[in-house]
Amino acid sequence: LLLEREGKKLLLMHGDACGVKSGLGMLEKRARVAGVDAVLFGHTHRATVTTLSGILAVNPGTLMRTAQQKSFAILEITPAGISAQLFEIG
C-alpha cells in the first residue's frame with residue numbers, strides 16, 4: 001500500500017514478500033524502486049527503526065498476548081521529515 005502524507009511517501013507492507021526474516025535487502029530495493037521516504041513493515045515481530053539507503057524503515061514489533069516483548073511505534077510525519085519512536089509495554 002502506498003500512501004502520501006504531508007508530502008512524504010510511505011510504503012506499508014507485511015514484509016513476507018520481501019523475505020524480511022532473512023534480511024532487509026529486498027525490502028530496501030522495493031522501497032527505493034517505489035521512491036518512498038519510509039517503509040513500514042512487519043512479519044518478524046521484532047521492533048526495528050533503521051535507515052536503508054536514506055529511507056526510514058520501521059517494524060513496530062508485535063502486541064500479541066503471547067509475545068515476551070510487546071511493542072508499537074508512533075510516527076511523526078511533517079513536511080520536514082518522518083521520525084519514528086518505539087514503545088515497549090508490559
Side-chain angles (χ1 to χ4, degrees):
L1 175 66
L2 289 170
L3 296 175
E4 188 169 331
R5 298 289 184 267
E6 298 292 329
K8 302 298 178 192
K9 295 180 184 177
L10 308 167
L11 173 62
L12 285 67
M13 62 184 307
H14 184 246
D16 57 331
C18 289
V20 295
K21 285 188 176 181
S22 299
L24 301 180
M26 287 177 55
L27 181 75
E28 178 181 0
K29 182 177 179 182
R30 185 155 181 189
R32 276 196 331 254
V33 168
V36 298
D37 300 291
V39 58
L40 313 177
F41 69 101
H43 191 57
T44 66
H45 295 205
R46 287 188 294 255
T48 305
V49 175
T50 191
T51 303
L52 307 170
S53 298
I55 300 166
L56 181 66
V58 180
N59 182 333
T62 185
L63 291 172
M64 289 181 8
R65 274 188 307 212
T66 57
Q68 289 183 358
Q69 289 186 318
K70 298 172 188 72
S71 62
F72 64 96
I74 294 181
L75 295 180
E76 184 173 354
I77 305 169
T78 68
I82 304 172
S83 62
Q85 190 171 3
L86 294 173
F87 296 88
E88 289 187 13
I89 52 176

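Residues take their numbers from the sequence shown, with the count starting at 1.
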**Request:** Please test Val20 against Asn59 for side chain to side chain contact (heavy atoms under 4.5 Å, CB included), starting from the C-alpha separation and ending with a verdict.
**Result:** CA-CA 10 Å; Val20 295; Asn59 182 333; 5.9 Å; no
**Asked** Out of curiosity, does Val36 fall in the hydrophobic cluster containing Leu27 (side-chain heavy atoms, cut-off under 4.5 Å, transitive links)?
**Response**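 As far as the 4.5 Å side-chain criterion goes, Val36 and Leu27 are connected within one cluster.
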**Request:** Is it possible for you to say whether Val49 and Phe41 belong to one hydrophobic cluster, with membership spreading through side-chain heavy-atom contacts below 4.5 Å?
**Result:**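 No, Val49 does not connect to Phe41 through the hydrophobic network.
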**Request:** Please work out whether the ring planes of Phe72 and Phe87 are parallel, tilted or perpendicular, with thresholds of 30° and 60°.
**Result:**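 Judged by the thresholds at 30° and 60°, the geometry between Phe72 and Phe87 is parallel.
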I need the minimum non-hydrogen distance between [X] and [Y], along with the two atoms involved.
| X | Y | result |
| --- | --- | --- |
| Ser71 | Gly61 | OG-CA, 3.4 Å |
| Ile55 | Val39 | CG2-N, 4.1 Å |
| Leu86 | Pro60 | CD2-CA, 4.2 Å |
| Met64 | Lys70 | O-CE, 3.3 Å |
| Ala73 | Val58 | CB-CG1, 3.9 Å |

With rounding to the nearest 0.5 Å, note down the distance linking [atom1] in [X] to [atom2] in [Y].
| X | Y | atom1 | atom2 | value |
| --- | --- | --- | --- | --- |
| Leu1 | Leu11 | CG | CG | 8.0 Å |
| Leu3 | Lys8 | CG | NZ | 15.0 Å |
| Gln69 | His45 | CD | NE2 | 13.5 Å |
| Lys29 | Cys18 | NZ | SG | 10.5 Å |
| Met13 | Leu40 | CE | CG | 11.0 Å |
| Lys9 | Ile82 | NZ | CD1 | 11.5 Å |

**Request:** Show your working on side chain to side chain contact (heavy atoms under 4.5 Å, CB included) between Ile77 and Leu10 and close with a plain yes or no.
**Result:** CA-CA 10 Å; Ile77 305 169; Leu10 308 167; 3.7 Å; yes
**Message:** Is the shortest side-chain heavy-atom distance between Leu24 and Thr50 below 4.5 Å?
**Reply:**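 Yes; the side chains approach each other to less than 4.5 Å.
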**Request:** Go through the steps to decide whether Thr78 and Glu6 satisfy the test side chain to side chain contact (heavy atoms under 4.5 Å, CB included), and finish with yes or no.
**Result:** CA-CA 6 Å; Thr78 68; Glu6 298 292 329; 5.5 Å; no
